[in-house]
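Below is one structure, written out as structure tokens; comments come after it.
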Amino acid sequence: MPKLKLSLNLKPALFNTIFQSKLFCASKTRWVIHFLVFAGFTFLVFFHALDELTSFNLFQYYQPTLDPFQFLRNLAGFLVLTGCIGFLFRRLFKTRINRENKTKYKEIFSIILILLVIISGFMLETVKIISEPAFLEMVEDYSDLDEDTDLNALMTYWEKNYHVVFKEMLIITEDTLEKGRLLNDAYCLDCHSKIKSAFVSKTFAMHLGEIANSLNHYRADNWLYPIHYLLSFLMLICLPFSRFFHILMIPFASATHKMTSRHFQKETVSVHPATFAACTNCGICSEVCSVYPNFLITKNKQILPHSKIESAGKMIFSGHLNPEALNQLQLGNDECTMCNNCTDICPSGIDLQGLWKTLPQTLQKMGYPDNYTFVKDKALQERGKKQAGRTYELTRNLAGRVYSFENCVQCTICTNVCPVVAYAGNDNDMTPQQIMNLLRLGEKQMAAETRMVWNCLTCYLCQEHCPSEIKVADIILELRNISNQTAGRLKIMTATNKANKL
Amino acid sequence: MKLAYFPGCKIDFYLKDYDTSFKSLMEKLEVDLVQLPFNCCGYPARSTSFEVSVFSSIRNFALARKYNLDIITPCKCCFGQLKYASYQWRENKGLKQKMDCLLADENLFWDGKTKVKHLLSFLYNDIGVLEIKKKINHKLPEKKIVTQYGCHALRPFTITGFDNPHAPRIFEELINITGFKTVEWSKSTECCGNPIYETNKNLSLKILDSKLKAALESGADHICTACTHCQIQYNDLSFQKQCRKYNITPVLFTHILDAALGESRKNNQAKKGCRNLI
Amino acid sequence: MKNKKHITCDITVIGAGFAGMVAAARASALGLKTVQVGNSSQLYFASGLFDFLGVYPLHSRTVLQDPLTGLSLLQKEMPEHPYSKTSLEAILKSFDFLARFLQSTGLNYIKPDKENRSVLTSAGTFKPTCMIPETISKGCLLKNDTNLLLVDFKGLKGFCAGQIADVLKKNYPNILTLSVGVPGGNGNLNPAYFATMFEDSSFLKEIATQISPFSDKVELMGMPAVCGINKSLDALTRLEKMTGLDIFEIPMMPPSIPGLRLKNAFEKKLAENNVHFLSQAKIKSPQFNGSEFILNAVNQNMETQIKSRGVILATGRFQGSGLHAQRGCIKETVFDLPVYQPDKRSLWHHLDFFEKQGHMINTAGVETDNVFRPVDTDGTVVYENLYAIGSILARNDWIRLKSGSGVSALSAFTAVNDFYKKNAAGDIDVSD
């Protein structure tokens, strides 16, 4: 478990939470879509869902059916709706860097949930607009109309202006309308703004046609209420278990003090606990990743930051990773060049690089150390017995071809100029010239598993000084590639054996 | 002149100073730098996979080729790797084919025409020592400098062609025109130890310490680097402490030349770096 | 397609061994624009001692005390030998130039004496040689009754004071030995790295404290030739001051430090003299267009086209790949020049390995005129401005004659002077 640390850095947290400033820098389209949903939904939550607490207290004459609230509610809903459609469109039609279907479906689920809440809201509003029973109940409650003609006039007016759908045909005349308007002014206007401001629901209501009557008959306005509520609650319940969680975590992640090179030098790197939950797996980090081309060849997903953080989270919090995956994670993380591109761009404000820096420690504890440590810790003989490794066929395969080292006269010049031999002392086992000798003896695998291969600085002094012009450093690097594969297999083997014993 | 600026992975996070002073220097020398979405040069991947390392480089070349630009980098390691990869790409037919296919997937291609220059070789070969000397308007005080050449640019010479691998002169000549005087030391062309800093810190620092000893013997005031990795290595905290004790400072070449070319008006950070030297 | 580059120069030196280095040194000292192609690491195998003529006649198997008598005899008996093409004066001048050149880099050599100097080797034997580094020179003071201290270092392979003393004890009874522990040593020291430690004053002090107890008992001290690389004399003098002893170095097996010092000195000075050095490049398909040589120096990534008026071939013999032994005959590798060689392969080697006259193959090589221009079988010069120098020259069994450095220096010096006289000098005196 990496060292966890809580810290607070308010300014970027606020900026990034409210304006999503980092997402804006990363991708304008994504920002637009995301911000539509974010702004709309936030408004709905605060001024519509929690109106008992907020709106009623803040605004003296607040009524959901009054302008500007009615208009704003529709507008917000409309924004969310557009945003969600944008989201869905991108999810379905835009292929992005190596995303697993699982995460894709997870996201689509979240988006559809939002969509359902919003649509059910709009439907609710629509059926309330057209609802005759609701109209009559309101008349009963809020007016003292006795005469049928009055009621009729009001109904005519509402049918015309508020799109209520009545079972019976009403006869519309100038007089009744005028009368209805007066009655409306007297009883309704305080609580009901003009319906055109509810522009989404109104449009729906106008196009319902024949269904409207049956909806009214079955009191759709009554049963859509619980549906809208249930969906909202479902969303609330899903909050900690789905992609929604990032909403709560991003402020924390953004508030972390990012690790600087100073921290790295002092080796005081820590990871914020919000790191893992704040990740939305958007994949922007992988688009700017310096070692992205490595993925194109090795196809190891664990090179890409967005996959790496997910696996790391799984490894740390639930331990559900098999040896193969852990080894891949170690290999992938090893490729990281610490260029800070991912941290720079992460829209969630996660300090990704800090995580990459701490990961190796955790992996080492689980039996997946970096290869230098691994080779150092293993006895030479033990490794010598193991099968020869598969090499990339496209390398020059210097270590496998006799002509590349047969000219070695063991003059020890390479050993003499080698800084590793000079300064490593007991940290080192073989010297470059001895490695050439191992190759001449046909012990390629043994040569590949010496500490020298991993200690090599790749300074090329040996190669430059070789009187026989043998590509000493190139050969050592090639052996390192071989050793890398063998080490990986051995790590997996050890871990599997251990698990089997348990 | 217009060149694609290849900063390398580490510079942004570890050594922003180098980045800013490099840019300021290039501005004074009227070189336009274009920033392209380059990826890693591929050197770190040489430990794990030959193919990956070559492909990373070739992809960068292809990006630069798309804009018809040559590449300039302040990092010796990146320079060396890009050279190395271009050589392997040319020599190894199968490899070339595979790289070409992968590039085509991303709508890129490379025909081998892009050149890569390191800061020093660019100044020496493309601009010329005399030309720079003309522009120097601030002679620096006579301080003793030892140079750290950086392995990957210098060796293997048969691939990089940087300078005489046994007795290089470029760096010295470029420093001597500023007023600073280079002195000889035995460790000029040896490794700084950075490549194994992450894995075997102990050894890495031992190698670094040997440099300090040699620099002390030569009586130098500064150790000058022109490579991101070397300077990062010299920036190691425990090493810096020792340097202060003996009054030696590792210093970036760009700071020196930038200072010699006169105060920078725009760039505050570069300015600060220059001031420390004057 | 490799990266292409073009260079035009006065003279190209192919080869970066000892002869090539001297030629490049002379050429650059005369102000010729020089390009050098080759692998300088061969100098690691040089002992750092410059032989003139150590043994003559060959079958005598005795060491020549006075090389001059040997030389006059050789010039008489072997008119085709490189030494016979020139005078003693020229030989001395070439040594003199070499000494001055090296001195300017801070590597001091003691100039030749009338007699050969005998230098103690790490095997306990004495080697006759002519010009030696100052750090080794005090070893010549060794007399049979000298109180000598031999020092070796724990962990430094290939040098054992006890062994040397054992070989010497018959003639030199007053020898003490000492094994010095190396501070910070890990039991396995490489000469090159170990030598750099001597340039650190604190290290010298610690060594000196271990040696000082012997200061009163002995007059002279011998140690392996590892005392510093770039400032060897300085380090040795400091050590002498600290211990109060006269100290000399004993050359070791290759890779030798005196050879490394030589390599560094040449490389540094040649670079200062603007000699363009193409390390590890090979010359492919050389052409001559009537006035200029067009050489393609090819290495892994680059192809450098050199246009040069003169070429100096210093590619060495088989080890340096100047000569290539094919099944039936020996070929010269760059220009395919005619090679003087035994008629049949069966004559290359004697059946007796220790044959007194040496093996025929060791006299194979390129034959030249008096200014070391290769000649055809009928004795005509192949190219006006092509010279062959160093061990590639025919009829010089330099290992047995102990004449390697002398022939190399002489031929390099003479060849470059000749080129300069003919092509650039006008009426400038090139004698020094």
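In what follows, chains are A, B, ... by sequence order, proteins preceding strands, each numbered from 1.
- More than 12 heavy atoms of other residues, nucleotides or ligands lie within 6.0 Å of NZ in B:Lys206, so this atom counts as buried by the packing criterion.
- If you tally non-hydrogen atom pairs under 4.5 Å between each of A:Leu461, A:Asp334, A:Leu479, A:Asn371 and chain B, the highest count goes to A:Leu461.
- Remark: B:Asp209 CG to A:Tyr423 OH distance equals 10.0 Å, nearest 0.5 Å.
- Interface remark: A:Ser483 contributes no atoms to any contact with chain B (heavy atom separation under 4.5 Å).
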Discussion item. Does B:Glu51 form a side-chain contact (heavy atoms from CB on, under 4.5 Å) with A:Thr298? I'd like the steps, not just the answer.
Written reply: CA-CA 9 Å; B:Glu51 263 177 53; A:Thr298 59; over 6 Å; no
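- In this structure, the portion of B:Arg59 lying under 4.5 Å from any heavy atom of chain A is its side chain and not its backbone.
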Discussion item. Test side-chain contact (heavy atoms from CB on, under 4.5 Å) on A:Tyr292 and B:Asn39; report intermediate values, then the result.
Written reply: CA-CA 7 Å; A:Tyr292 171 65; B:Asn39 50 264; 5.8 Å; no
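- In this structure A:Cys346 satisfies the side chain to side chain contact (heavy atoms under 4.5 Å, CB included) test together with A:Ser348, A:Ile350, A:Leu352, sequence neighbours excluded.
- Across A:Asp344, A:Thr343, A:Thr458, A:Asp370, the residue that shares the most heavy-atom pairs under 4.5 angstrom with chain B is A:Thr458.
- Annotation: maximal heavy-atom pairing with chain A below 4.5 Å, among B:Ser47, B:Pro44, B:Pro195, occurs at B:Ser47.
- Once rounded to the nearest 0.5 Å, the distance linking CD of A:Glu464 with SG of B:Cys151 reads 11.0 Å.
- Remark: A:Lys299 NZ is packed, more than 12 non-hydrogen atoms of other residues, nucleotides or ligands lying under 6.0 Å away.
- In terms of non-hydrogen atom pairs under 4.5 Å with chain A, the most contact-rich of B:Asn194, B:Asp236, B:Asn235 is B:Asn235.
- Rounding to the nearest 0.5 Å places OG of B:Ser49 at 11.5 Å from CG of A:Asn300.
- Heavy-atom proximity under 4.5 angstrom to chain A picks out B:His152, B:Leu154, B:Arg155, B:Pro156, B:Phe157 from residues 152-163 of chain B.
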Worksheet entry | Stepwise side-chain contact (heavy atoms from CB on, under 4.5 Å) check, A:Asp474 with B:Tyr84 | CA-CA 11 Å; A:Asp474 283 343; B:Tyr84 178 85; 3.6 Å; yes
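- The choice from B:Glu198, B:Lys93, B:His166, B:Glu190 that makes the most heavy-atom pairs within less than 4.5 Å of chain A is B:His166.
- No more than 12 heavy-atom neighbours from other residues, nucleotides or ligands sit within 6.0 angstrom of NZ on B:Lys213.
- Neither the backbone nor the side chain of A:Glu469 comes within contact range of chain B; no heavy atoms are under 4.5 Å apart.
- Scanning both residues, A:Met338 and B:Phe13, for their nearest heavy atoms gives O-CB, 4.2 Å.
- For the residue pair B:Leu102 and A:Ile297, the shortest heavy atom distance occurs at CD1-CG1, 3.6 Å.
- For B:Lys187, the part lying under 4.5 angstrom from a heavy atom of chain A is the side chain only.
- Residue contact with chain B, scored on non-hydrogen atoms closer than 4.5 Å, involves the backbone of A:Cys456 exclusively.
- Your options are A:Val417, A:Val291, A:Val420, A:Leu296, and the one with the most heavy-atom pairs under 4.5 Å with chain B is A:Leu296.
- With rounding to the nearest 0.5 angstrom, the OG atom of A:Ser261 is 11.0 Å from the NZ atom of B:Lys10.
- Interface remark: of the candidates A:Thr337, A:Leu457, A:Asn340, A:Leu457 forms the most heavy-atom pairs closer than 4.5 Å to chain B.
- For B:Gln97, the CD atom is loosely surrounded, since the number of other residues' heavy atoms within 6.0 Å does not exceed 12.
- Residues A:Asn294 and B:Ala45 approach most closely at ND2-CB, 3.7 Å, considering heavy atoms.
- B:Lys201 touches chain A through its side chain: at least one heavy atom from C-beta onward sits under 4.5 Å away, while N, CA, C and O do not.
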Worksheet entry | Test log, rule side-chain contact (heavy atoms from CB on, under 4.5 Å), inputs A:Tyr372 and B:Ile196 | CA-CA 9 Å; A:Tyr372 169 77; B:Ile196 51 167; over 6 Å; no
